[in-house]
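Heavy-atom basis, side chains included; hydrogens, waters and symmetry copies ignored. If you're wondering where the values come from, they're calculated on a predicted model, not measured in any experiment.
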Amino acid sequence: MIPASQLVFFTFMWITLMPNASVVAEIKTPHPRCPSSMEQTRYSKQETRMRKEDSTKVRPLKYKQILHIEDHDFAIRPGFGGSPVPVGIDIQVESIDSISEVDMDFTMTFYLRHYWKDERLAFPSKTNKSMTFDHRLIEKIWVPDIFFVHSKRSFIHDTTVENIMLRVHPDGNVLFSVRITVSAMCFMDFSRFPLDTQNCSLELESYAYNEEDLMLYWKHGNKSLNTDEHISLSQFFVEEFSASSGFAFYSSTGWYNRLFINFVLRRHIFFFVLQTYFPAMLMVMLSWVSFWIDRRAVPARVSLGITTVLTMSTILSGVSASMPQVSYVKAVDVYLWVSSLFVFLSVIEYAAVNYLTTVEERRRFKKTGKISRMYSIEATQAMAFDGCYHDSKTDMDQTSFSLHSEEDALQARCISNLSADSPRIKRRKSLGGQVGRIILENNHVIDTYSRILFPTVYITFNLFYWSIYV
């Protein structure tokens with residue numbers, strides 16, 4: 001009980017004495033002296049002098065205050081509820097980077113400039129000078145929502161910063177310029193490839209605003225599309241650049257203004273002449289060589305025909321691999337397939353010659369009971385192995401050959417081997433002067449006509465082909 005009563009007593013004394021102590025402290029603490037008016041003036045002059053000396057601390061008006069950005073709602077277009085806002089377009093084409101026949105598209109780099117007026121961005125200016133901004137202001141104001149129809153890929157260049165420029169004039173006129181690379185579709189017609197001319201276009205349109213809200217037009221008419229004089233491509237000549245305009249209709253949203261960048265590309269033919277046409281011509285002419293080879297030289301004529309056929313197949317495969325899989329016939333297909341047909345017919349021609357030669361030999365055998373010297377077994381075998389013509393009058397003059405006398409044939413081989421030197425000397429002397437006679441005597445009538453018919457028809461085909469497609 002005693003400690004509790006003491007605790008109550010001390011608490012009462014503390015509450016009683018604390019207000020008096022605070023009053024005494026207030027009396028003892030001196031009040032600060034209020035500065036006089038002269039001292040205040042001196043302090044203000046010193047502060048002003050310090051601000052002038054340190055200009056980094058002087059804050060000019062922000063662009064948001066100058067352009068009144070925070071006072072307006074830039075989520076809506078200028079003049080909302082009234083007439084459509086006119087937006088002029090001006091384009092400077094920097095380069096055409098690539099043309100792809102397989103993907104049927106093109107890649108172009110250009111400067112896209114927009115012109116419009118937004119009175120909400122008007123600001124007072126005594127010198128009537130415009131203000132230029134970079135990409136950081138674009139997100140805070142209204143800009144046209146232009147997109148590229150049929151585009152596959154596009155991007156804004158960002159080296160070293162985003163290539164965007166915004167220029168605002170005191171009366172509210174705005175210039176918005178951006179550097180873009182776009183890959184877009186080009187609907188190509190390859191029916192005359194590689195002697196073709198392609199018409200491609202890049203189409204611009206507003207994505208959200210139809211013709212009731214935004215009117216898209218070329219700023220300077222046909223002069224709104226400018227190109228670099230040094231634009232060149234590896235496979236094409238750029239013949240023409242032109243600007244045009246039109247409308248596009250969507251059933252759910254209505255009519256939209258659309259602008260077109262049209263350009264005409266004419267293909268270089270010299271590359272394809274060297275890589276495709278000239279090799280095909282050489283293969284066809286090489287196949288005609290078999291008409292001048294002896295008809296009994298089976299390995300020579302067959303190997304030559306097969307080689308030319310396989311080469312033409314390789315040329316066809318190479319051209320098809322670099323082209324889109326279209327369902328119609330191209331000009332290069334016509335030429336290559338006709339050339340392949342000539343090469344194939346040269347092989348078929350020898351098959352016919354060989355067959356008719358065999359039939360003729362059998363017919364003579366049935367009449368005489370002997371194989372003619374012209375078709376003797378030894379001469380045919382020698383021709384098959386060494387590819388040279390062996391005259392039966394010089395090589396076989398010491399024996400006669402019979403189909404049923406194998407022993408006589410073996411004896412003839414031995415005799416010809418023993419006297420090998422003298423027939424060779426005789427053959428060398430007589431062969432030079434008798435080449436024409438040998439070719440004419442051993443030539444089939446089909447080979448004779450083929451030497452004239454094949455070149456004539458092929459030359460006629462070339463005349464018609466180049467006159468139609470060029």
Looking only at the aromatic ring of each residue, does the gap between the centers of Phe272 and Phe193 stay below 6.0 angstrom? yes

Can you find a heavy atom in the side chain of Ser346 that is under 4.5 Å from one in the side chain of Phe291? yes

State, yes or no, whether a side-chain contact exists between Asn462 and Ile459 at a heavy-atom distance under 4.5 Å. no

Output field: ring centroids Phe106/Phe187 closer than 6.0 Å: no

Honestly, is Arg451 close enough over Trp292, meaning NZ or CZ under 6.0 Å from the six-membered ring centre and within 45° of the axis? yes

Table please: side-chain donor-acceptor pairs of residues 78-88 below 3.5 Å, with sequence neighbours left out.
none

Aromatic centroids of Tyr115 and Phe176 separated by under 6.0 Å: no

If you measure from the Lys or Arg side-chain nitrogens to the Asp or Glu carboxylate oxygens, is any gap between Arg179 and Glu162 under 4.0 Å? no

Salt-bridge test for Glu101 and Arg267: reply yes if a basic N is under 4.0 Å from a carboxylate O, no otherwise. yes

For Glu349 and Arg301, run salt bridge (charged side-chain N to carboxylate O under 4.0 Å, His left out): C-alpha distance rounded to whole Å, both residues' side-chain angles, the deciding distance at 0.1 Å, then the answer. CA-CA 11 Å; Glu349 185 269 348; Arg301 295 189 67 164; 3.2 Å; yes

Would you please indicate yes or no on a ring centroid separation below 6.0 angstrom for Phe237 and His268? yes

Is there a donor-acceptor contact under 3.5 Å from the side chain of Arg113 to the main chain of Leu175? no

Pair Lys330 + Asp189: basic N to acidic O under 4.0 Å: no

List in chain and number order the residues that pass side chain to side chain contact (heavy atoms under 4.5 Å, CB included) with Ser224, two or more places apart in sequence or in another chain; answer none if no residue qualifies. Asp90, Trp218, Lys219, His220

Does the ring center of Trp142 lie less than 6.0 Å from the ring center of Phe74? no

